[in-house]
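Quick notes on the structure that follows.
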Amino acid sequence: MANATLTTPWQGQNYLDGRWHPVKGEYLENMNPARFEEVLGLYPRGTPLDADLAVTAARRAFPGWRRTSRIKRGELFFRLAELVRRDTDELAAVLARESGKILNEARAEVVEGLHMIEYVFGTARQPTGDVVDSEIGAKDLYVRRKPRGVVAVITPWNFPFAVPLWMLGPSLLEGNTTVFKPSEETPEIGQRLMKLFEEAGFPAGTINLLHGLGEEVGEALVRHDDVDVVCFTGSYQVGSHIRRLAAESDHKTCACEMGSKSAVIVCEDARLDLAASAAILSAFKTTGQRCVSAGRVLVHRRVLDEFSQRLVEQARRLVFADPFTPGAFAGPLVNQSAVNKVLFYNDLARQEGAKILLEGGRMTDGEQAGGYFVSPFVYQQEYGPEKRTIREEVFGPHLAIVPFADDDEAIRIYNDTPYGLSMAVITEDYRRWRLYRDECDYGMGYVNLPCIGAEVHLPFGGVKRSGNGQPSAAGLVDSVTHKISFTVNHDTQITMAQGMSADVEKQT
Ligand code: NAD
């Protein structure tokens, strides 16, 4: 935080009511997680007053936007897709620099955002309701969706391009207006996205960008009376706080996607080559900082030793390096508190009696010493309901291998966390994967795959502490619209349903 002069390459501004606002007052620094000393840019530390300006602009724009044809709203997304395609490489480089994701993954995220935009454009000409028969022949019943109003979109640093689009896309297409608050860790990619929305021609006020701290502007948005829906993706701690705040207003709803303790389950009949690759990708891609990252691999005792050996050999060889290093597998953690958290859980695993299979921790040599680099930590841990390391989200390269004796035990262990986001089962047996599909608590399930890798045209959500039943991406439409029923009588007299009398004239 600083009152600094803007000599750095990137310079953030809020975008309110169709205008960029030069910042007066305090700034937030955007740091490069791969190089401690590098300030990438300076961004406004928005205030509750800015939040109010953003919501007021969105409220003002709502009636005009709601009345615009849904197909015309959709066509703006076609233009937006063209712009994202034009700028893909540049967007990927920005994303890699400020989030620490390796370039290939950063690019994949931009492509995922592009897919969401294309999906939104494609759905614009799809039906938005149903025509339903009435028990009275002369009546037609319609079910239609209406926008809810002003949607606040509050997003995490780890998917700073795709996740905002999962939520902004359906919200805007359905006729809502929006205020977008990107994470303070990754403000630049939010800024770039906003510029593309502007260039695509979205009218003033329909989308507003507000930089700042979560507990300041984020909370001001959640508390604002004129916000109708809060779409939040981030940690359980913040999400549960937001749910409580939103519940204080009668009209406000919220869709919260939160953390996890996802897992890969390796059955006794699994192909172990495939199982090891699935576990490595699930646990260590994005340095373990995906909401769906596997903090646990549950392994049948019969294949435990062979599987563990394969996994550890592969984990030892993974390259964690600057995002622009060719061939890097993953980059740094996002900041010092993320490092502290991972090191805390590594120590806790030792205290909880883990058998350490691969020592991991702060990387202190070479270029890694200058960033938040942490190497994989892998251990074997017997299941126990009191063991925190196999139940709590760590959000880093920290992996427990937990042995099990049969399918029932694996399912019990899998479900014994407060979370339920993603699950992958590795098996050649079609009866077995069906059992896991039906008995485990999760929102996204996979067979013979990692537990990461969703696609935008699926709903993305979790159960328990992972989500409040309002999935994102293709599933978000249900959170940002309400369904109305509408009944039309084509007769010249009134006939009521359920046989109720409608003979008013005889009532003298
Ligand atoms: P975070 O909860 O710290 O922050 C998320 C957003 O909330 C940020 O924009 C932040 O500024 C804002 N915020 C913070 N305090 C707030 C408050 N009091 N009121 C309103 N807004 C506030 O999360 P993060 O560190 O950015 O992201 C990592 C977390 O997100 C992990 O737990 C991960 O599992 C989760 N995540 C979940 C999904 C999913 O779809 N389930 C996807 C990505 C990340």
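Count residues from 1 along the sequence. For ligands, and for the atoms within them, numbers begin at 1 and follow the listed sequence. The figures that follow rest on heavy atoms only: side chains count, while hydrogens, waters and symmetry mates do not. Just so it is clear, the structure is predicted and the values come from calculations on it, not from any experiment.
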Task: Side-chain donor or acceptor of E174 paired with backbone N/O of R145 under 3.5 Å - done: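 Between the backbone of R145 and the side chain of E174 there is no qualifying donor-acceptor contact (under 3.5 Å).
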Under 3.5 Å, sequence neighbours excluded: what are the donor-acceptor pairs made by side chains of residues 332-340?
residue	atom	partner	partner atom	Å
N335	OD1	S337	N	3.3
N335	OD1	S337	OG	3.2
N335	OD1	A338	N	2.9
N335	ND2	E185	OE2	2.8
Q336	NE2	N340	OD1	2.8

Open item on the list: The criterion is side chain to side chain contact (heavy atoms under 4.5 Å, CB included); which residues satisfy it with Q380, sequence neighbours excluded?
Closed with: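 In terms of side chain to side chain contact (heavy atoms under 4.5 Å, CB included), with neighbours along the sequence ignored, Q380 is linked to L304, K355, L357, E382, P403.
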Open item on the list: Using the ring-ring contact (aromatic ring centres under 6.0 Å, His included) criterion, which residues pair with Y419? Sequence neighbours excluded.
Closed with: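 Expected list: none.
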- [ ] Return the orientation label for the F284 and F320 ring planes: parallel under 30°, perpendicular over 60°, tilted otherwise.
- [x]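 Plane angle over 60°, so perpendicular.
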TODO: Write down, by chain and number, every protein residue that brings a non-hydrogen atom to less than 4.0 Å from an atom of ligand 1.
DONE: I154, T155, P156, W157, N158, K181, P182, S183, E184, G214, E215, G218, E219, F232, T233, G234, S235, V238, H241, I242, E257, M258, G259, C291, E393, F395, L421, F460
Open item on the list: I'd like to know if R35 pairs up with E367 as an ion pair, taking the criterion as any Lys NZ or Arg NE/NH1/NH2 lying under 4.0 Å from an Asp or Glu carboxylate oxygen.
Closed with: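 The answer is no: the pair does not qualify as a salt bridge.
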